[in-house]
2 protein chains.
Amino acid sequence: MNTLSYGLLAMLTGGPRTGYELMQQIQPLWRAKHSQIYPLLAKLEQSGSVRFVPVAQKEKPDKKIYSITEQGLAELREWIPRTTSEPVKRDELLLKAYCVALTDPFTAKSLIQNRITLYQSKLEKYSQMLAELKNKLDGELSLTSPGFGNYILLQRAVSNSQAELEWCGWVSGLLPPSPSNQ
Amino acid sequence: MNTLSYGLLAMLTGGPRTGYELMQQIQPLWRAKHSQIYPLLAKLEQSGSVRFVPVAQKEKPDKKIYSITEQGLAELREWIPRTTSEPVKRDELLLKAYCVALTDPFTAKSLIQNRITLYQSKLEKYSQMLAELKNKLDGELSLTSPGFGNYILLQRAVSNSQAELEWCGWVSGLLPPSPSNQ
DNA sequence: CTGCGCATGTAATCGGTTACATGATTCT
DNA sequence: AGAATCATGTAACCGATTACATGCGCAG
């Protein structure tokens with residue numbers, strides 16, 4: 001069983017979800033497309049780690065609501081203490097940043113500006129999610145509370161987005177100002 | 001030509017390097033193994049984007065020192081302004097963090113502790129590299145100076161490692177204290 | 001009326017990892 | 001004595017992306 005499979009099981013500890021929802025939820029932690037997730041869910045179902053209930057919908061496609069089984073939970077419990085692999089990061093912008101001296105200040109600025117726009121929307125989204133979770137938890141937070149994992153991950157997503165934006169701002173400041181165009 | 005190929009060209013703008021050195025240099029920006037890099041360098045050489053000089057060594061394996069050609073530089077210049085793909089991140093620790101409530105506080109702490117150790121060594125390494133570069137540049141830094149790309153990436157690596165450590169510390173504080181064992 | 005969100009699935013292809021292969025030196 | 005570093009390469013495999021396929025409702 002590969003890491004993404006464990007990841008899907010992990011997401012299901014938060015409650016029953018469809019494949020589509022799992023795909024969306026796992027994105028910030030582990031990039032994966034639906035074409036990879038659906039076949040894995042089918043395998044997990046066949047091996048007894050998850051089960052699903054088909055739900056017919058009018059005016060929308062039918063769906064399958066998956067939940068984790070006792071067997072799946074047991075698999076997660078033995079996976080958690082196992083050696084954790086190092087995070088994988090691949091960022092095209094950083095490759096471009098290394099050789100940014102090859103371009104004009106104009107192109108350099110738009111490169112950074114695009115990244116700023118991207119992380120501003122992420123920051124907005126995650127801040128909102130964090131705020132909602134905070135008032136749902138209402139001060140109650142410990143390792144055993146159900147929203148704990150979600151809480152620490154959202155906090156991380158928010159501060160990461162902020163750090164990303166700070167770096168972009170700092171780099172922008174180093175770039176020569178173009179008065180005619182900004 | 002894929003992103004990694006452009007990445008290799010980008011690294012070569014910093015001067016001639018062996019495949020082995022390129023592999024090490026590109027790691028923090030784009031994870032790749034030597035088995036992927038060597039064949040790509042061969043292709044880039046055949047298409048005229050890079051060239052190499054074979055260097056025989058005694059007491060060490062022979063090597064090939066690659067440098068970027070004018071054609072390669074032209075390819076980079078037209079790549080930089082093209083749409084930049086979103087960064088790809090896959091972190092097994094975050095998947096485990098989501099369902100950390102399934103384990104005991106003890107396992108949870110060791111999960112975080114391993115990550116702390118990892119990023120402490122990264123922070124040390126990058127801080128040192130940044131310090132060296134800073135006194136080599138000696139106050140001189142602008143878009144056109146040769147170490148510019150390196151400088152902004154090292155600064156980023158340092159502050160990213162710090163942010164990572166801060167998050168780990170914050171999470172540790174939320175975990176129940178185990179007085180008998182710490 | 002075009003595109004997006006919901007919702008699932010398969011097939012072809014590309015990108016990336018693991019394993020195999022070699023070999024001297026230096027550190028522990 | 002065994003592991004790590006330097007240094008290159010190939011082959012097999014697995015993981016991930018892109019493209020193909022369907023279909024309705026709703027917003028711009």
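Atom CD of residue A:Q25 and atom CD of residue A:Q27 lie 10.5 Å apart, to the nearest 0.5 angstrom.
D:dG15 atom C1' lies 14 Å from atom CD of B:E92, rounded to whole Å. Rounded to whole Å, atom P of D:dA16 lies 11 Å from atom NZ of A:K33. Distance, A:I37 CD1 to C:dA7 P: 14 Å, rounded to whole Å. As a whole-Å value, the separation of B:D62 CG from C:dG23 C1' is 11 Å. Atom CZ of A:R17 and atom P of C:dT8 are 14 Å apart (whole Å). Between the NE2 atom of A:H34 and the P atom of D:dC20 there is a distance of 13 Å, rounded to whole Å. Atom C1' of nucleotide C:dA7 and atom CD of A:Q25 are separated by 17 Å, given to the nearest angstrom.
For D:dT17, the OP1/OP2 oxygens have a side-chain nitrogen or oxygen of A:R31 closer than 4.0 Å. Phosphate proximity of C:dG16 to B:W30: present, with a side-chain N or O under 4.0 Å from OP1 or OP2. In this model, the phosphate group of C:dT8 is approached by a side-chain N or O of A:Y38 to a distance below 4.0 Å at OP1 or OP2. Side-chain nitrogen and oxygen atoms of A:Q36 include at least one within less than 4.0 Å of the OP1 or OP2 phosphate oxygen of D:dA16.
In this model, no donor atom of one side chain and acceptor atom of the other lie less than 3.5 Å apart for A:W167 and A:Q162. Under 3.5 Å, the side chains of A:E75 and A:Q71 contain a donor-acceptor pair of N or O atoms.
One N or O on the side chain of B:D104 and one on the backbone of B:T107 form a donor-acceptor pair closer than 3.5 Å. Formation of a donor-acceptor pair under 3.5 Å by the A:T69 side chain with backbone atoms of A:S49 is found in this model.
Between B:E132 and B:K136 there is no salt bridge, since no side-chain N of the basic residue sits under 4.0 Å from a carboxylate O of the acidic one. Look at B:R90 and A:E86 and you find no salt bridge, because none of the NZ, NE, NH1 or NH2 atoms lies under 4.0 Å from a carboxylate O. Salt bridge status for B:D91 with B:R115: present, with a side-chain N to carboxylate O gap under 4.0 Å.
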Close N or O pairs between protein and nucleotides 11-14 of chain D (under 3.5 Å):
none

Report each atom pair, protein N/O against N/O of nucleotides 4-6 of chain C, whose distance is under 3.5 angstrom.
from, atom 1, to, atom 2, distance (Å)
C:dC6, OP2, A:Y20, OH, 3.2

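Along DNA chain D, the nucleotide nearest to B:R90 and the one nearest to B:T18 differ in position, and the one closer to the 5' end is contacted by B:T18. Annotation: of the two residues near DNA chain D, A:A32 and B:P39, the 5′-most nearest-nucleotide partner is B:P39.
Nucleic acid contact for A:K58: none, since no nucleic acid atom lies under 4.0 Å from a heavy atom of the residue.
Every side-chain contact (heavy atoms from CB on, under 4.5 Å) that A:L137 has, sequence neighbours left out, goes to A:L133, A:Y151.
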